[in-house]
Amino acid sequence: MTRKPIVVALTLGLAVLFSADSRTGFAQDSHVGDLTGTAASGKQLYRRYCIGCHGPQGDGNGENAQWIDPKPRDFTAATFKCRSTPTGTLPTDEDLDHAITRGFVTTNMPSWNPLTPQQRADLVAYIKGFSPRWTAEKPSAPINIPPETAVTLPSILHGRELFQKMECWKCHGPAGHGDGPSASTLTDSKDNPIRPYNFSTGSRFKCGETNRDLYRIFMTGVDGTPMPSFADVIQPNDAWDLVHFLRTLQGLHTQEASMWKDYAAKHGPEIKPIGPTAAGGQ
Amino acid sequence: MTAKLALLLAGVFVVGSAVGAGAPAPASGSISGKVTYTGTPPKMKPIDMAKEPSCAKQHTTPVMTENVATGPDSALQYVVVFISAGDTAAAAPSEVVRYDQKGCQYLPHVLPMQVGQVLQIFNDDQTSHNIHPLAKVNPEWNKSQPAGSAPINTGYDKPEFIPVKCNIHPWMHGYFVVLSTSHYAVTGQDGGFSLKGLPAGKYTVTAWQEQYGTQTQDVTVGAGETKGVNFVFKALPY
């Protein structure tokens with residue numbers, strides 16, 4: 001009978017303790033689909049699952065960070081690799097949710113699919129509290145991705161011309177092996193060495209695995225890395241051509257790869273090599 | 001009726017301009033001086049552009065690095081001198097600041113601009129550049145600009161010293177210096193600078209060099225007065 005008030009007082013005390021948070025934008029919510037995530041719930045999850053690498057301050061300096069390459073994301077910079085939004089803008093809540101759900105292949109960031117969608121939404125809300133940018137700015141609208149064009153040989157060939165003309169090979173290499181002339185010099189925005197994607201490994205891309213993801217990656221750029229946005233310089237249909245060509249570099253059994261193989265078998269000698277000596281390069 | 005109105009207007013105009021000419025214009029002062037170094041600055045190194053023949057052939061003599069550019073009599077070049085306190089906030093001017101990528105170099109090496117001013121970036125080369133200003137306070141973006149593509153129109157909302165690089169051509173290095181004041185100058189080869197059009201008042205003048213950081217001095221400028229201020233940076237050979 002006398003115990004009840006004590007329990008109430010304790011609960012209240014705990015509530016006050018957990019809401020005393022000096023970070024900016026603490027009250028920020030996230031909206032992922034129909035779910036609303038709250039930073040207060042996200043904080044508990046962050047301390048349980050994320051703090052080891054991303055650190056108590058969210059600056060990517062957790063106790064495990066020194067053993068990790070690539071380094072954990074620094075949330076205080078609010079610069080994110082995988083976005084649906086243009087380069088230099090904040091990602092949407094869904095973008096962050098997708099990143100947590102998907103994880104980052106070839107890095108130490110696992111997929112957090114085992115968490116519930118609500119838990120992930122709460123984490124998104126909490127992560128947004130680490131940078132004042134989330135209170136000062138709004139994420140811009142996602143880039144428009146038109147429906148994919150048909151996979152045809154002309155599309156692949158035109159995509160190959162773009163790979164030459166846009167000088168993708170300068171970093172990704174003439175055959176997409178990640179060994180272009182500038183590859184060895186690349187650093188990320190924190191001056192850590194970084195490798196361009198090697199298509200021949202055939203691994204998933206960091207920001208998704210579908211053709212739409214591939215389209216989005218080079219149109220939004222991968223912020224914080226040397227990979228720029230091509231949104232201003234590649235037209236939507238041309239972008240799909242480039243997607244179709246890039247799929248031929250992956251060494252997977254795709255429609256694009258078999259079309260290119262057939263063409264290369266018949267027209268091998270006519271195919272102009274990609275790289276500095278090819279026309280249009282210099 | 002219309003003639004009368006015209007006369008009246010003309011009268012007003014004459015009176016108006018007479019008043020304008022009669023009132024003494026507020027005499028504006030200026031701060032000028034020279035930026036020099038003591039000690040031994042690092043030797044600037046020739047840049048090997050062999051990996052980009054279209055750029056290499058634009059230069060008869062090798063392009064040198066520019067992180068500590070010096071001139072005769074210990075002059076320090078590419079130092080931004082600006083009013084960091086005491087100035088009233090100025091609206092962004094309508095003039096566009098121009099930045100060029102030419103011969104795989106950034107021209108100018110250090111580009112000052114005002115908050116909110118339109119910055120136009122051109123690629124004058126026959127090769128692709130990616131322009132990657134590594135902003136921390138402002139948003140960091142990274143855009144590809146292939147040969148022959150349209151200029152990029154952009155600008156910054158907050159004051160910041162922003163290093164600019166091209167990831168494709170790692171030797172390309174420059175700075176955007178975003179300022180809230182309209183009074184700034186970049187030193188030339190002689191290390192000289194002049195900040196003109198200053199109303200009488202107390203100012204803090206800051207000199208910023210990309211490798212040696214900032215120095216400040218407080219200066220009081222009287223009406224129509226020209227004050228001399230010099231900055232000396234201690235140069236280290238590394």
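Note on naming: letters A, B, ... go to the chains in the order of the sequence lines (proteins, then strands), and numbering restarts at 1 for each one.
- How far OG1 of T185(A) is from NZ of K165(B): 8.0 Å, rounded to the nearest 0.5 Å.
- Separating the NE2 atom in H132(B) from the OG atom in S189(A) is a distance of 4.0 Å, to the nearest 0.5 Å.
- No donor-acceptor pair closer than 3.5 Å links the side chain of N167(B) to the backbone N or O of L186(A).
- There is no contact between T89(A) and chain B, counting heavy-atom distances below 4.5 Å.
- At least one side-chain heavy atom of P139(B) sits under 4.5 Å from a side-chain heavy atom of R133(A).
- Contacts classified as salt bridge (charged side-chain N to carboxylate O under 4.0 Å, His left out) and involving residues 186-201 of chain A (residues at least two apart or in different chains) are given here: D74(A)-K190(A).
- For H109(B), the ring pair (Phe, Tyr, Trp, His ring centres under 6.0 Å) partners are Y78(B), not counting sequence neighbours.
- Of all the listed residues (I234(A), L90(A), T187(A)), the one sharing the greatest number of non-hydrogen pairs under 4.5 Å with chain B is T187(A).
- For S149(B), the part sitting under 4.5 Å from any heavy atom of chain A is the side chain, from C-beta outward, and nothing else.
- The number of heavy-atom neighbours closer than 6.0 Å to CG of D73(B), taken from other residues, nucleotides and ligands shown, is 12 or below.
- Side-chain atoms of K143(B) never come within 3.5 Å of backbone atoms of D232(A) as a donor-acceptor pair (strictly under, hydrogens ignored).
- When all heavy atoms of N130(B) and P226(A) are compared, the pair lying nearest together is ND2-O, 3.3 Å.
- Contacts from residues 209-216 of chain A to chain B, taken as heavy-atom pairs separated by less than 4.5 Å, involve no residues at all.
- In this structure, the separation between CD1 on I168(B) and SG on C168(A) is 9.0 Å, given to the nearest 0.5 Å.
- In terms of heavy-atom proximity, P146(B) sits nearest to M166(A) at CG-SD, 3.4 Å.
- Heavy-atom proximity under 4.5 angstrom to chain B picks out T79(A), T87(A), G88(A) from residues 79-88 of chain A.
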